[in-house]
Asker: 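One structure is given below, represented as structure tokens, and several questions about it will come after.
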Amino acid sequence: MSEPNRGGRPRSSRSTDAVLSATRDLLAEVGYERMTIDAIAAKSGVGKMTIYRWWSSKSAIVADAVIEGVITIAPFSFPDTGDLRADLHAWLMPAVGLATPPEVAALALAMTAATTGDVRTGEALYERFTGRDRQALIDRLQKEVDSGRLGSDVDLSVAVDMLFGVLLYRLVTRAEPSEQYARDLTDLVVGGLET
């Protein structure tokens, strides 16, 4: 989370709410890259200098909006049909940019930017979202290990970190969506995990 106050008067809760709500609306309307502090100030009715006094960047505002629940993130859901290859492929399709609503991609990009600039924000977002999602995927893979369909000598956390790392890389490099990429990544991961 960004530092709430770098000296001077404490934040006004009404102004804070207005800024966070304006940020949510602009993120949906124009996306993260086209959203500006000027636009947030205009939409919220809060002065630009006040916003800069409370937040260091637009990514910090987005992070606070997520942490405060103004911007909601759907719970992570990994399919479980009993076919890991099909389930992983279905999960990866939107994750590599296919069938992903633009506002979801914009939010992911904003949160990534926020975590690189502020350790406390990164920790808060990890605790509330990324860590939970990471564990859900580890748990799903563990079911496959327990059933004997995956080898028991593989460190599942490494496999999951590899998947998340690839997805983050594709997000920040604005890689073109590719169904074939999703298939290749699925084959690589499942092939490496199978007995």
Side-chain angles (χ1 to χ4, degrees), residues 24 27-35 59 62-63 65-67 69-117 121-195:
R24 176 199 59 215
L27 194 63
E29 292 166 15
V30 303
Y32 178 70
E33 292 179 331
R34 292 179 52 211
M35 182 174 65
S59 64
V62 172
V66 170
I67 291 167
V70 176
I71 295 174
T72 57
I73 297 177
F76 175 81
S77 177
F78 190 88
D80 189 357
T81 65
D83 181 343
L84 178 62
R85 191 175 298 270
D87 292 345
L88 183 58
H89 182 259
W91 178 73
L92 284 172
M93 288 289 283
V96 297
L98 293 158
T100 303
E103 63 273 12
V104 173
L107 179 57
L109 188 60
M111 288 176 53
T112 300
T115 60
T116 60
T121 296
E123 289 171 348
L125 290 172
Y126 182 85
E127 183 176 323
R128 292 195 53 193
F129 304 106
T130 312
R132 175 196 68 192
D133 295 350
R134 180 179 179 272
Q135 189 59 51
L137 185 49
I138 289 172
D139 292 345
R140 173 64 177 85
L141 294 176
Q142 186 62 53
K143 284 179 66 176
E144 296 293 313
V145 171
D146 294 343
S147 71
R149 290 187 293 266
L150 291 183
S152 59
D153 60 342
V154 177
D155 186 336
L156 297 179
S157 64
V158 172
V160 170
D161 287 349
M162 182 184 75
L163 277 169
F164 276 53
V166 166
L167 298 177
L168 178 60
Y169 171 78
R170 289 184 63 81
L171 174 69
V172 299
T173 60
R174 284 35 165 220
E176 283 294 316
S178 166
E179 182 170 357
Q180 187 59 50
Y181 187 89
R183 289 189 193 288
D184 291 345
L185 184 57
T186 299
D187 290 344
L188 179 66
V189 171
V190 175
L193 292 172
E194 285 175 338
T195 307

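Reckoned from all heavy atoms, side chains included, excluding hydrogens, waters and symmetry mates.
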Asker: Residues in side chain to side chain donor-acceptor pair (under 3.5 Å) with R34, at least two apart?
Answerer: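 In terms of side chain to side chain donor-acceptor pair (under 3.5 Å), with neighbours along the sequence ignored, R34 is linked to no residue.
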Asker: Determine the minimum heavy-atom distance between R183 and H89, stating which atoms define it.
Answerer: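 Heavy-atom minimum between the residues: CG-NE2, 3.3 Å.
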Asker: I138: what forms a side chain to side chain contact (heavy atoms under 4.5 Å, CB included) with it, not counting sequence neighbours?
Answerer: R134, Q135, L156, S157, V160
Asker: Which residues pass the side chain to side chain contact (heavy atoms under 4.5 Å, CB included) test with R140, sequence neighbours left out?
Answerer: F78, D80, L84, D87, E144
Asker: Which distance, rounded to the nearest 0.5 Å, do you find between the OH of Y181 and the CG of D184?
Answerer: 9.0 Å
Asker: Can you list the residues that meet the side chain to side chain contact (heavy atoms under 4.5 Å, CB included) rule with D187, with sequence neighbours excluded?
Answerer: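 Listed in chain order: R85.
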Asker: What pairs with E29 under salt bridge (Lys or Arg N to Asp or Glu O under 4.0 Å), at least two apart in sequence or on another chain?
Answerer: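 So E29 forms a salt bridge (Lys or Arg N to Asp or Glu O under 4.0 Å) with K43.
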Asker: Could you go through V189 and L92, starting from their C-alpha distance and side-chain angles, then the distance that decides it, and tell me whether this counts as side chain to side chain contact (heavy atoms under 4.5 Å, CB included)?
Answerer: CA-CA 11 Å; V189 171; L92 284 172; over 6 Å; no
Asker: Within this structure, what is the CG-OG1 distance for the pair L168 and T130, rounded to the nearest 0.5 Å?
Answerer: 9.5 Å
Asker: Considering non-hydrogen atoms only, spot the tightest contact between A63 and L125 and give its length.
Answerer: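 Closest pair (atom of A63, atom of L125, distance): CB-CD1, 4.2 Å.
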Asker: Looking at residues at least two apart in the chain, or sitting in another chain, which of them share a side chain to side chain donor-acceptor pair (under 3.5 Å) with S147?
Answerer: R149
Asker: If you measure from CD on Q180 to CG on L185, what distance do you get to the nearest 0.5 Å?
Answerer: 11.5 Å
Asker: Kindly give the heavy-atom pair with the smallest separation between A159 and L193, and that separation in Å.
Answerer: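 Nearest heavy atoms, A159 then L193: CB-CD2, 3.9 Å.
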Asker: Could you work out, with side chain to side chain donor-acceptor pair (under 3.5 Å) as the rule, every residue matching E33, not counting sequence neighbours?
Answerer: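 Per chain and number, E33 pairs via side chain to side chain donor-acceptor pair (under 3.5 Å) with R174.
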Asker: Restricting to side chain to side chain donor-acceptor pair (under 3.5 Å), what partner residues turn up for Q142, sequence neighbours left out?
Answerer: D146
Asker: To the closest 0.5 Å, what do you measure between CG (L163) and CG (L188)?
Answerer: 9.0 Å
Asker: Would you compute the distance between atom CG of L141 and atom NZ of K143 and round it to the nearest 0.5 angstrom?
Answerer: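 It comes to 11.0 Å.
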